[in-house]
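None of the values given here were measured: they were computed from a predicted structure.
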Amino acid sequence: MAAAEHSDDSHHSDGGDHADLLATLRHRWVAALLAIREDPCFPDPRPYADNLLARWSEPQRRYHTVDHLAAVLDRIDTLEQYADDPDLVRLAAWFHDAVYLPERSTNEERSARLAERALPEAGLTTKDTNEVARLVRLTTTHAAQDGDSNGMVLCDADLAVLASPPRAYAAYAAAVREEYAFVPDDAFREGRAAVLRQLLGLPRLFRTPYGEREWEAAARANIQAELERLTAPQGTGITRRAGGCSYGGAAPPP
């Protein structure tokens, strides 16, 4: 899936489409879990899917929704050839934002601890549980090390939204701003700009060959354009191009 083909994962689905999405996600959870654990029947994997989907559907979410979860899983499917354990990466995607309160900086750690509690009960070995929890914690920085193929795939899949077509990127940026509505505009602009500068300063945003080839250039162009909007003099109208919102500042994650 090239950058120009990205779906917009920053909007909630509605009505029948939303119900279909939830059903598809339940099926994907069951498939990933059963591909890893030894016992195909016990315990029932579906209650775990329902618990996670309820978390991903919480009202404070605007970007980190079931649509984002589905998009990350789709990108893992695209990148799975690069992972040593693609189904463990898929389970990590389910947990990576399972605990999400925008005002907290401990979401990844809390999500990892949730995985450490739930996955042994769901039938995973200690080794596999530890790998999922490690991957979840890695999304705090998205700094996968050389040789960490599972980490590279998860981080690339999570950051691929940065390479969306301009309108979809604007919707993503607007949804992030909505999640941080409690932060004043000036503070949000400052914090968000700092995050974007940090991303632009990285030698590579994407670590898989596919991600670097298909997403790197588009992501850098989007980030640079958003940074210019954030740092433009106020009152010019420029800061309201992306999604019609004025950016503001804590340091929201990408």
Side-chain angles (χ1 to χ4, degrees), residues 6-15 17-19 21-22 25 52-75 93-108 110-111 139-140 142 157-200 218-219 221-232 234-254:
H6 282 184
S7 61
D8 174 13
D9 59 340
S10 62
H11 294 296
H12 293 284
S13 303
D14 295 316
D17 289 343
H18 184 69
L21 175 60
L22 295 181
L25 285 170
L52 287 165
L53 289 171
R55 291 173 176 274
W56 282 91
S57 302
E58 292 164 342
Q60 76 276 13
R61 298 170 182 260
R62 294 296 183 271
Y63 169 64
H64 295 89
T65 65
V66 290
D67 298 281
H68 172 58
L69 171 60
V72 173
L73 291 171
D74 287 345
R75 293 160 187 153
W94 275 86
F95 280 95
H96 85 286
D97 283 318
V99 178
Y100 186 75
L101 292 172
E103 67 273 17
R104 289 183 178 175
S105 61
T106 57
N107 291 316
E108 291 84 2
R110 289 171 178 263
S111 295
T139 62
T140 305
H142 294 93
D158 196 27
L159 292 180
V161 65
L162 299 174
S164 298
R167 288 184 65 182
Y169 184 91
Y172 145 73
V176 170
R177 179 64 183 111
E178 287 183 43
E179 286 188 339
Y180 285 82
F182 58 92
V183 178
D185 281 350
D186 288 347
F188 184 87
R189 281 191 295 271
E190 181 180 349
R192 179 72 175 170
V195 170
L196 298 179
R197 290 190 186 97
Q198 184 269 332
L199 290 171
L200 288 174
N222 282 333
I223 293 168
Q224 183 62 46
E226 184 183 358
L227 182 60
E228 291 173 1
R229 288 191 292 268
L230 292 174
T231 57
Q234 298 303 292
T236 64
I238 294 176
T239 58
R240 295 186 178 270
R241 288 182 193 166
C245 78
S246 176
Y247 290 81

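- Contact of the Leu53 side chain with the Trp94 side chain is registered, since non-hydrogen atoms from C-beta on lie closer than 4.5 Å.
- Closest heavy-atom contact between His142 and Asp158: NE2-OD2, 2.7 Å.
- Side-chain atoms of Leu73 and Leu25, non-hydrogen and from C-beta on, do get closer than 4.5 Å to each other.
- For the pair Tyr172 and His68, the minimum side-chain heavy-atom distance is 4.5 Å or more.
- Closest heavy-atom contact between Ser111 and Asp97: OG-C, 4.0 Å.
- Counting all heavy atoms, side chain and backbone alike, Glu179 lies closest to Tyr100 at OE1-OH, 2.8 Å.
- The shortest distance between side-chain heavy atoms of Arg192 and Val176 falls below 4.5 Å.
- Taking the salt bridge (Lys or Arg N to Asp or Glu O under 4.0 Å) definition, one finds that Glu178 meets it with Arg62, sequence neighbours left out.
- Side-chain contact between Tyr63 and Val161: present, with at least one pair of heavy atoms (C-beta onward) separated by less than 4.5 Å.
- For Asn222, the side chain to side chain contact (heavy atoms under 4.5 Å, CB included) partners two or more places apart in sequence, or in a different chain, are Tyr169.
- Looking at every heavy atom in both residues, Ala163 comes nearest to Ala218 through O-CB, 3.8 Å.
- With sequence neighbours excluded, no residue forms a side chain to side chain donor-acceptor pair (under 3.5 Å) with Arg197.
- Thr231 contributes a side-chain N or O that, together with a main-chain N or O of Leu227, makes up a donor-acceptor pair within less than 3.5 Å.
- Listed by chain and number, the residues in a side chain to side chain donor-acceptor pair (under 3.5 Å) with Thr106 are Arg110 (sequence neighbours excluded).
- Among residues two or more places apart in sequence or in another chain, the side chain to side chain contact (heavy atoms under 4.5 Å, CB included) test is passed with Glu103 by Leu101, Phe182.
- A donor-acceptor contact shorter than 3.5 Å links the side chain of Arg61 to the backbone of His64.
- To the nearest 0.5 Å, atom CG of residue Leu162 and atom CD1 of residue Ile223 are 4.5 Å apart.
- Considering only residues two or more places apart in sequence or on other chains, Gln224 meets the side chain to side chain donor-acceptor pair (under 3.5 Å) condition with Glu228.
- For the pair Leu69 and Ala93, the tightest heavy-atom approach, listed with the atom from each and the gap, is CD1-O, 3.6 Å.
- Between Val66 and Ser57, some side-chain heavy-atom pair lies under the 4.5 Å cut-off.
- Closest of all the heavy-atom pairs between Asp185 and Arg177 is OD1-NH2, 2.7 Å.
- Without hydrogens or angle criteria, Arg75 side chain to Leu159 main chain gives no donor-acceptor distance under 3.5 Å.
- Listed by chain and residue number, Glu58 satisfy the side chain to side chain donor-acceptor pair (under 3.5 Å) test with Gln60 (two or more places apart in sequence, or in another chain).
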